[in-house]
Amino acid sequence: MSAKAQLRKVYVSGLFFNISYLTFAILIPLDAIQQHLAVWMIGMLTTLPGVLQLPTRILSGPLVDWVGARWVLWVTFLLEFVAGLVILLGHAWPMTALITGQFLIGASRGFFWTAAQSEVSRQPGNRPQHLGLFTSFTKGGALVGIAAAGVIAEFLGILGGFMVSDALAFCALAIGVSLERPPQHQRPFSFWRAVRQLLPASRQPFVVVNGLVALLCAIPQALAQSFYPVLLIRLGLSEGTASLMTALMSLGMIVAGLVGAVTLRRFGMRPMITVAAVMVSISLGATAFHQIGLDGLAIFVGGFAAGWLNVAFLTAVTSRSHDGDRGTNLAVTQIYFVLAIMVTPLISGWLLSLVGRSATFLIEGGLALATTLLVLLLWRWQDRPAPPNPMERPA
């Protein structure tokens, strides 16, 4: 199989997977509402996938290094498909089925990113272009999933929506099964030896620096998944219009993914990261002014900047890694990303209640700018050569 064919399969399976995931994410709380579950139970359901995302994303790195990305992608798509079956077949025990499905979906989501990014980045050719297209396909899937879920539920019902979501997960699984088996050289002797590489990987300068870049990349996305829709509704927009404006985040990331490789080649890694990180800071600060048009522009700019940062840190980490440690380095770098996704809404909520909207986003813009300065100060530190990896078996 050619590298282009392998890449197309990862792109398309990632597209199907993300549409399925985001459709499930919208349909599950809608189903809970139809079943007249208590509000606290609906809130619990929506947070359950996050419980397993951090540990599975951490373990996904050693798993990828040990058995290869293809096997981990199989597990990812199978978990998503089984989650759909559990939800579809478990209506006799609806709460149990929804809880189980959400746990499986969260685990699937945690395994997906490291495996897919590792598989894309190991293919020969223009790595930034490959990762940029991967970003565009997956964010395109997110955009379609969010936009389509309500329409599908309206015309086919919640059960019909779950069927469509599960069918998409099956399509991703079918494509994943056909992926080519990668070479097995330079892999750790065992899974536990791969796990023991997590701590040394976390101390590598390029992992720390690009982890901070990943943190900046996550902040706009975390707000789009939490407070941006709420704030837009408070400004007088309907729920549908607020959702469409929030989807500008995904649109910005799609556009950024398409042009990310060209930008990186033309300007270089450090200037691209600097400009994108400053754009994140400005987009956060602009949200402080209570104007709907400016909010929409800020959300798009934040998404575009996040897309550039996504291409940049993935390219940087995978370029400095090898088959025996690429997955682990990606997983450790993205711990910063997951923590930002989890912590940003908590900090935002605390600040909003304490100092109000304007001060909250000005403070967050200032914090993003301070993180940008820290990345630039540490930039030369990451050029320090990494020690050899003792856990790899020879080719």
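Cluster annotation: V12 and V144 are assigned to the same hydrophobic cluster (Ile/Leu/Val/Met/Phe/Trp/Tyr, side-chain heavy-atom contacts under 4.5 Å, transitive). L88 and Y21 fall within the same hydrophobic cluster, defined by Ile, Leu, Val, Met, Phe, Trp and Tyr side-chain heavy atoms under 4.5 Å apart, directly or through other members. In the hydrophobic clustering of ILVMFWY residues, with side-chain heavy atoms under 4.5 Å counting as a link, V355 and I347 come out together. Residue L251 is grouped with residue M249 when hydrophobic side chains (ILVMFWY) are merged at heavy-atom distances under 4.5 angstrom, including chains of intermediate members. Linking Ile, Leu, Val, Met, Phe, Trp and Tyr whenever their side-chain heavy atoms come within less than 4.5 Å leaves V278 and L376 in two separate clusters.
Aromatic ring orientation, F170 versus F81: tilted (interplanar angle from 30° to 60°).
With rounding to the nearest 0.5 Å, the separation of OG in S136 from CG in L15 is 11.0 Å. Taken to the nearest 0.5 Å, the CZ atom of F337 stands 5.0 Å off from the SG atom of C217. Distance CZ/F289 to CG/L362: 6.0 Å, rounded to 0.5 Å. To the nearest 0.5 Å, atom NZ of residue K139 and atom CG of residue N18 are 6.5 Å apart. Summarising the geometry, atom CD1 belonging to I363 is positioned 12.0 Å from atom CG belonging to L284; distances are rounded to the nearest 0.5 Å. One finds the CG atom of L223 at 10.5 Å from the OG1 atom of T246 (value rounded to the nearest 0.5 Å).
Ion pair R357/D295 flagged as a salt bridge, since at least one NZ, NE, NH1 or NH2 atom sits closer than 4.0 Å to an Asp/Glu carboxylate oxygen.
Judged by distance alone, the side chain of S20 and the main-chain N or O of F16 form no donor-acceptor pair under 3.5 Å. Between the S108 side chain and the L104 main chain, no donor and acceptor come within less than 3.5 Å of each other. Judged by distance alone, the side chain of S13 and the main-chain N or O of G176 form no donor-acceptor pair under 3.5 Å. A donor-acceptor pair under 3.5 Å links the side-chain atoms of S283 to the main chain of V280, judged by distance alone. The backbone N or O of E180 lies less than 3.5 Å from a partner atom in the side chain of Q6, making a donor-acceptor pair. A donor-acceptor pair is defined here as one N or O able to donate and one able to accept, closer than 3.5 Å; no such pair exists between the side chain of Y11 and the backbone of V120. Without hydrogens or angle criteria, R320 side chain to Q382 main chain gives a donor-acceptor distance under 3.5 Å. H130 places a side-chain N or O within 3.5 Å of a backbone atom of P124 that can act as its donor or acceptor partner. Judged purely by atom type and a 3.5 angstrom limit, T135 has no side-chain atom pairing as donor or acceptor with the backbone of G257. Between the side chain of S348 and the main chain of P345, no donor-acceptor pair closer than 3.5 Å is present.
A side chain to side chain contact (heavy atoms under 4.5 Å, CB included) with I158 is found for one member of I87, I152, D31 and no other, namely D31.
The two atoms that bring V64 and S118 nearest to each other are CG1-OG, 3.5 Å, heavy atoms only. Here the shortest heavy-atom pairing between T372 and A277 reads OG1-CB, 3.2 Å. Summarising the geometry of N329 relative to S321, their closest heavy-atom pair is ND2-OG, 2.9 Å, with the distance given to 0.1 Å.
The closest side-chain heavy-atom distance from I175 to F77 is not below 4.5 Å. A heavy-atom distance below 4.5 Å is not found between the side chains of V275 and F267. Residues L27 and T23 meet the side-chain proximity criterion, which asks for heavy atoms closer than 4.5 Å. L231 has its side chain within reach of F361: a pair of non-hydrogen atoms, C-beta onward, lies under 4.5 Å apart. Residues F162 and I28 are in side-chain contact: their nearest non-hydrogen atoms beyond the backbone lie under 4.5 Å apart. Side-chain contact between P49 and R109 is absent, with no heavy-atom pair separated by less than 4.5 Å. Contact of the W71 side chain with the L63 side chain is not registered, since no non-hydrogen atoms from C-beta on lie closer than 4.5 Å.
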Could you walk me through whether T318 and R127 satisfy the side-chain contact (heavy atoms from CB on, under 4.5 Å) test, starting with their C-alpha distance in whole Å, then the side-chain angles of each, then the deciding distance to 0.1 Å, before giving a yes or no? CA-CA 9 Å; T318 55; R127 181 178 284 123; 3.0 Å; yes

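Side-chain contact annotation: Q197 with D325, donor-acceptor N/O pair under 3.5 Å absent. With 3.5 Å as the limit, one finds no donor-acceptor pair spanning the side chains of T333 and N210.
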